[in-house]
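So that the names make sense, note that chain A is the first sequence line, chain B the second, and so on, each numbered from 1.
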Amino acid sequence: MEERAGEIGKRLKIVMPELPEVETIVRELCPHLVDRTIVSAQVAWERTIAQPKEDVARFCAEIRGRHIIGMGRRGKFVLIHLSGTAPRENPAQRGLSNPRPGPGSGDPDRADLDPLSLVIHLRMSGQLLLAPLGSPQHRRATFALSDGGRLYFYDQRKFGRIWLVRDPSEVVGGLGPEPLAETFTAQALQARLRKRRGMLKPLLLDQRFIAGLGNIYVDESLFRAGLHPQRTADTLTDAQILHLHSAIREVLNQALDRHGTTFDGIFVRPEGERGRQQEGLQVYKQDGLPCVRCGTPIQRTVVGGRGTHFCPQCQPL
DNA sequence: CAAGACTCCTGACGGC
DNA sequence: TGCCGTCAGGAGTCTT
């Protein structure tokens with residue numbers, strides 16, 4: 001077992017935050033962010049900011065002075081909710097550098113604004129940390145907080161994005177159901193599967209079909225359900241749908257209990273601790289290693305353009 | 001609706 | 001040793 005965990009560690013180079021990792025991040029950031037004010041924002045890589053588009057100055061201006069009133073998660077997105085009321089700016093400063101009046105109001109003494117939300121997607125390699133890394137090389141954005149703390153956004157691959165929006169649904173509105181929600185029943189999954197004819201693997205990766213699953217947990221869920229990644233969605237029996245439904249939830253809940261999957265040298269959790277789910281992976285990045293159930297070597301193929309790991313014995317087509 | 005290609009990026013890795 | 005081509009991976013977009 002230890003040997004296996006070590007082997008996986010060697011093979012995993014990159015953080016790919018999925019639902020359990022994002023949920024862990026939100027839970028751990030929450031006590032450090034909620035009830036603080038964002039004093040300033042600094043952006044080192046402009047394309048990190050997806051909205052307002054190509055206007056980092058406006059992003060920083062609109063976020064400054066906002067109070068963090070809550071946090072949440074939708075799929076793989078981190079949500080940070082900001083109050084509508086910003087503290088009054090220094091009038092002298094305002095007069096000098098920014099004569100623009102407050103939005104929708106002619107009274108410069110009042111700064112009642114629309115509430116906003118920061119919506120963050122970490123994509124491949126994004127990290128939200130409360131302490132800086134040794135090198136600023138991959139630091140893309142920094143938020144200074146009223147209590148002296150800072151929130152750092154690091155992202156080696158530059159795929160991560162941050163939106164500042166009035167309504168998070170502008171970004172997350174198209175997402176499918178939350179797999180851990182009570183309303184996501186086996187019947188709900190069945191109803192969605194029946195309408196589709198594609199292969200299971202790409203379907204489960206499609207965030208509009210179900211929100212929050214990525215390559216790791218799709219492979220793990222399909223293994224646990226004994227279903228081949230290329231199985232066609234509308235051919236599943238009722239029993240198989242039931243099995244898939246519980247497999248998805250078990251896999252996600254186990255990863256959540258272990259605070260997600262952490263990779264060599266890269267921290268997932270905001271305070272730097274590692275997750276432990278890499279030790280619980282049964283097929284992901286285990287090609288060539290014996291299946292934990294039957295001993296057959298795990299295979300790797302490409303399905304829908306994605307690296308895919310499965311046991312040919314336990315998951316027959 | 002399905003499926004594939006292409007794009008964005010970087011760093012690791014293999015070949016020579 | 002060092003250079004260079006290739007690849008992975010989430011998701012949006014475009015094409016077939």
Side-chain angles (χ1 to χ4, degrees), chain A residues 7-22 25 43-51 53-54 73-78 119-128 133-141 153-163 165 168 170-176 179 191-221 229-236 260-266 268 278 281 283-288 299-309:
Chain A
E7 180 60 30
I8 302 157
K10 274 180 223 159
R11 296 186 184 202
L12 301 180
K13 303 294 183 197
I14 274 289
V15 179
M16 294 167 283
E18 306 181 25
L19 187 155
E21 290 75 27
V22 176
I25 288 165
V43 177
W45 172 256
E46 301 214 342
R47 292 172 69 177
T48 295
I49 307 305
Q51 202 169 324
K53 213 166 184 167
E54 289 166 33
R73 177 193 59 77
R74 180 75 172 92
K76 304 179 196 173
F77 292 85
V78 175
V119 181
I120 304 172
H121 198 303
L122 303 170
R123 288 279 171 84
M124 306 291 302
S125 59
Q127 300 181 77
L128 287 169
L133 294 176
S135 161
Q137 193 190 354
H138 300 131
R139 195 185 298 162
R140 310 302 179 201
F153 178 69
Y154 288 86
D155 186 22
Q156 180 190 96
R157 295 280 165 98
K158 296 182 172 178
F159 284 172
R161 291 292 180 265
I162 301 176
W163 293 258
V165 292
E170 291 172 41
V171 181
V172 301
L175 292 179
R192 297 181 79 78
L193 282 171
R194 290 276 183 257
K195 287 186 260 181
R196 300 297 210 103
R197 282 166 297 126
M199 297 180 289
L200 280 178
K201 164 105 183 191
L203 198 53
L204 295 177
L205 282 175
D206 184 345
Q207 301 299 298
R208 294 165 301 187
F209 181 79
I210 181 171
L213 295 181
N215 215 27
I216 297 176
Y217 299 119
V218 166
D219 281 5
E220 293 296 318
S221 297
Q230 289 176 293
R231 181 70 178 274
T232 307
D234 61 356
T235 64
L236 297 200
T261 306
T262 294
F263 302 80
D264 265 9
I266 301 187
V268 165
Q278 60 277 14
L281 299 180
V283 287
Y284 186 76
K285 290 276 161 118
Q286 300 214 44
D287 34 310
Q299 275 184 21
R300 181 186 188 278
T301 54
V302 175
V303 177
R306 301 278 166 239
T308 297
H309 315 77

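Using modelled atom types, no side-chain atom of Y217(A) and backbone atom of E18(A) make a donor-acceptor pair closer than 3.5 Å. Without hydrogens or angle criteria, R73(A) side chain to G75(A) main chain gives a donor-acceptor distance under 3.5 Å. Proximity of a side-chain donor or acceptor of D219(A) to a complementary backbone N or O of Y284(A) within less than 3.5 Å is not detected. Counting only distance, with no hydrogens or angles, the side chain of E21(A) and the backbone of G260(A) share no donor-acceptor pair below 3.5 Å. Looking at R161(A), its side chain does come within 3.5 Å of a backbone N or O of K158(A) through a donor-acceptor pair.
Applying the 4.0 Å criterion to OP1 and OP2 of dG10(C), one finds that Y217(A) has every side-chain N and O outside that range. Between K158(A) and dC8(B) there is no side-chain polar atom (N or O) within less than 4.0 angstrom of OP1 or OP2. Note on H121(A): a side-chain N or O is less than 4.0 Å away from OP1 or OP2 of dA11(C). Checking the phosphate oxygens (OP1, OP2) of dA8(C), no side-chain nitrogen or oxygen of K285(A) falls inside 4.0 Å. For Q207(A) and dA11(C), the shortest distance from a side-chain N or O to OP1 or OP2 is below 4.0 Å. Within the structure, every side-chain polar atom (N or O) of Q156(A) is placed at least 4.0 Å from both OP1 and OP2 of dC8(B). Side-chain N/O atoms of R47(A) include one lying less than 4.0 angstrom from OP1 or OP2 on dC9(B).
As rounded to whole Å, 14 Å separates atom P of dC9(B) from atom NE2 of H138(A). In this entry the distance linking CE of M199(A) with C1' of dA2(B) reads 9 Å, nearest Å. What separates CG of L213(A) from C1' of dA11(C) is a distance of 15 Å, to the nearest Å. The nearest whole Å value for the distance from the CG atom in D155(A) to the P atom in dG11(B) is 11 Å. Following rounding to the nearest Å, R157(A) (CZ) and dA11(C) (P) show an atom-to-atom distance of 15 Å. Rounded to an integer number of Å, the gap from I210(A) CD1 to dG10(C) P is 16 Å. Atom CZ in R123(A) sits about 19 Å away from atom C1' in dG11(B), given to the nearest Å. Nucleotide dA11(C) holds its C1' atom 11 Å from the CZ atom of R161(A), rounded to whole Å.
Of the candidate nucleotides dC1(B), dG10(C), dG9(C), dC1(B) has the atom lying nearest to any side-chain atom of R196(A).
In this model, a side-chain donor or acceptor of R306(A) finds a partner on the base of dA11(C) within 3.5 Å.
Using a 4.0 Å heavy-atom criterion, one finds that K195(A) contacts no nucleic acid atom at all. Backbone-only contact: R300(A) has heavy atoms under 4.0 Å from sugar-phosphate atoms and none from a base. Among the heavy atoms of the strands lying under 4.0 Å from N215(A) are primed sugar atoms or P, OP1, OP2 only; no base atom is included. Residue contacts for E18(A): at a heavy-atom cut-off of 4.0 Å it reaches no nucleic acid atom on any strand shown.
We find that the ring of F159(A) and the base of dG10(C) stack, their centres lying under 5.5 angstrom apart and their planes tilted less than 30°.
Counting heavy atoms from C-beta on, the side chains of R157(A) and R123(A) never come closer than 4.5 Å.
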